[in-house]
Asks: 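Handing you this structure, nothing more for now.
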Amino acid sequence: MTIASRAKKVTTHTLQEMKHEGEKITMLTSYDYSLAKLVDGAGIDVILVGDSASNVMAGNDTTVPITLDHMIYHAQCVEKAVDRALVVVDMPFGSYQGDSKTALDSAIRIMKETGGHAVKLEGGIEVIDSIKRIMTAGIPVMGHLGLTPQSIYKFGTYTVRAKEDLEATKLLDDAIALENAGCFSIVFEKIPAELAKKVTKSLSIPTIGIGAGPDCDGQVLVLHDMLGMTKDFSPRFLRRYANLGEIIDLAVKQYIVDVRSSEFPNEDEKY
Ligand code: KIV
């Protein structure tokens, strides 16, 4: 029996044990009750209420505009649906940078108002004071290094990060600083697979990759991307496990035809 199959409720300790035993961790995003119920029911280990909700749910170009109130709303919807997975909630841009007291207040709001189990925030040594202060309240923190979309205006593009030695060394230093500060896990986004492998090996906490190769301790994808609901986003790392976009398109078109032709509702579909 695996650790994941034994876990009635996944905790940060379950993830730690999974890393220890070499069992891969599965993580997907969710932002609403209905999809979170399906994702949790299918047996995912971690549900991330990602600030990618800004793109996927609100149609923004970046994750910068989403607010703490929006994230709390999404996390409340998800939390109601989840029985087993660990629910990690992204701290949005502006809710933790710069001032560790603001970070603590934001994280407390998330935990108190949503019932989520942990928070995630982007960055390394620059945000270490915020991470430590959040942890004084007993709130588990997941880090996020590599491509950090909240800093898109600093990077200028969404291309692979840490290809050069200097940035790769900083990423390793940041990862060690996050582990030493007490983070229970770190997401690596869009970094070279070899670097992700090396850093994963040098950490005792689990790493979760997105576009970071096969040697992270787990993998995460944005649910709507892997279900084929977002058409215009096709990075190399994305595997589409379904084509729901096409299925929804066909279903809606058929509904339009049926209503227009009075084919729907029929005799059995009325009272
Ligand atoms: O917001 C999000 O969906 C994320 C994942 C890309 C890891 O942070």
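Just so you know, ligand 1 is whichever comes first in the structure, and atom 1 is the first atom listed for that ligand. On a predicted model such as this, the values are computed, not experimentally measured, just so you know.
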Asks: Can you tell whether the side chains of Asp83 and Lys9 come within less than 4.0 Å, N to carboxylate O?
Replies: no
Asks: Show the short N or O contacts, below 3.5 Å, that ligand 1 makes with protein N or O atoms; if there are none, say 'none'.
Replies:
{"residue": "ligand 1", "atom": "1 (O)", "partner": "Asp51", "partner atom": "N", "Å": "3.2"}
{"residue": "ligand 1", "atom": "1 (O)", "partner": "Asp51", "partner atom": "OD1", "Å": "3.0"}
{"residue": "ligand 1", "atom": "1 (O)", "partner": "Ser52", "partner atom": "N", "Å": "3.0"}
{"residue": "ligand 1", "atom": "1 (O)", "partner": "Ser52", "partner atom": "OG", "Å": "3.2"}
{"residue": "ligand 1", "atom": "1 (O)", "partner": "Asp90", "partner atom": "OD2", "Å": "3.1"}
{"residue": "ligand 1", "atom": "3 (O)", "partner": "Ser52", "partner atom": "OG", "Å": "2.5"}
{"residue": "ligand 1", "atom": "8 (O)", "partner": "Lys120", "partner atom": "NZ", "Å": "2.9"}

Asks: Test: salt bridge (charged side-chain N to carboxylate O under 4.0 Å, His left out). Region: residues 240-250. Which pairs qualify, not counting sequence neighbours?
Replies: Asp249-Lys253
Asks: Is any NZ, NE, NH1 or NH2 atom of the basic residue among Arg109 and Asp105 found under 4.0 Å from an Asp or Glu carboxylate oxygen of the other?
Replies: no
Asks: Linking Ile, Leu, Val, Met, Phe, Trp and Tyr by side-chain heavy atoms under 4.5 Å, what else ends up with Phe93?
Replies: Val64, Leu147, Ile152, Tyr153, Phe155, Tyr158
Asks: Could you give the side-chain donor-acceptor pairs of residues 161-171 under 3.5 Å, partners two or more places apart or in another chain?
Replies:
{"residue": "Arg161", "atom": "NE", "partner": "Glu167", "partner atom": "OE2", "Å": "3.1"}
{"residue": "Arg161", "atom": "NH2", "partner": "Glu167", "partner atom": "OE1", "Å": "3.4"}
{"residue": "Arg161", "atom": "NH2", "partner": "Glu167", "partner atom": "OE2", "Å": "3.3"}
{"residue": "Glu167", "atom": "OE1", "partner": "Ala162", "partner atom": "N", "Å": "3.4"}
{"residue": "Glu167", "atom": "OE2", "partner": "Ala162", "partner atom": "N", "Å": "3.2"}
{"residue": "Thr169", "atom": "OG1", "partner": "Asp165", "partner atom": "O", "Å": "2.8"}
{"residue": "Lys170", "atom": "NZ", "partner": "Glu126", "partner atom": "OE2", "Å": "2.8"}
{"residue": "Lys170", "atom": "NZ", "partner": "Asp174", "partner atom": "OD1", "Å": "3.1"}
{"residue": "Lys170", "atom": "NZ", "partner": "Asp174", "partner atom": "OD2", "Å": "2.8"}

Asks: Side chains of Tyr96 and Val119, heavy atoms from C-beta outward: is any pair under 4.5 Å?
Replies: no
